[in-house]
Peer 1: 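So that we are looking at the same thing, I have put the structure below in structure tokens.
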Amino acid sequence: MRYVTPYHYAKLCGLTRQAIYNRIKAGTLSVVLLEGPVGEPIRYIDVEACPPGRKPWGGGRPRKG
């Protein structure tokens, strides 16, 4: 397993940090809590379970057509 922070995952996907945090909040992207250097919990994303890339999760504003 390889874990990255939401910030690094956003860079790998070519998206903004806010887009990743929105997906975490919506439940479409799962995170694991691991202990940080001073014992605080830090959120990480498993890139093997959720490979980076633009995915059609939908959401956002509907397009005007």
Peer 1: Give, for atom CG of Leu12 and atom SG of Cys50, the distance between the pair rounded to the nearest 0.5 Å.
Peer 2: 12.5 Å
Peer 1: State, yes or no, whether a side-chain contact exists between Tyr9 and Leu29 at a heavy-atom distance under 4.5 Å.
Peer 2: yes
Peer 1: First locate atom CZ of Arg17, then atom NE2 of His8, and finally report the distance between them rounded to the nearest 0.5 Å.
Peer 2: 14.0 Å
Peer 1: Would you indicate whether the side-chain heavy atoms of Pro6 and Tyr44 approach each other to under 4.5 Å?
Peer 2: no
Peer 1: Do Leu34 and Tyr3 come close enough that some side-chain heavy atom pair is under 4.5 Å?
Peer 2: yes
Peer 1: Take Asn22 and Thr28 through the side-chain contact (heavy atoms from CB on, under 4.5 Å) test and state the conclusion after the steps.
Peer 2: CA-CA 9 Å; Asn22 288 344; Thr28 58; over 6 Å; no
Peer 1: Give, for atom CD1 of Ile45 and atom OH of Tyr7, the distance between the pair rounded to the nearest 0.5 Å.
Peer 2: 13.5 Å
Peer 1: Do Pro37 and Ile42 have side chains that approach each other closer than 4.5 Å (heavy atoms only, starting at C-beta)?
Peer 2: yes
Peer 1: May I ask you to test the Arg43-Val32 pair for a side-chain heavy-atom distance under 4.5 Å?
Peer 2: no
Peer 1: Do Leu15 and Arg23 have side chains that get closer than 4.5 Å, going by heavy atoms?
Peer 2: yes
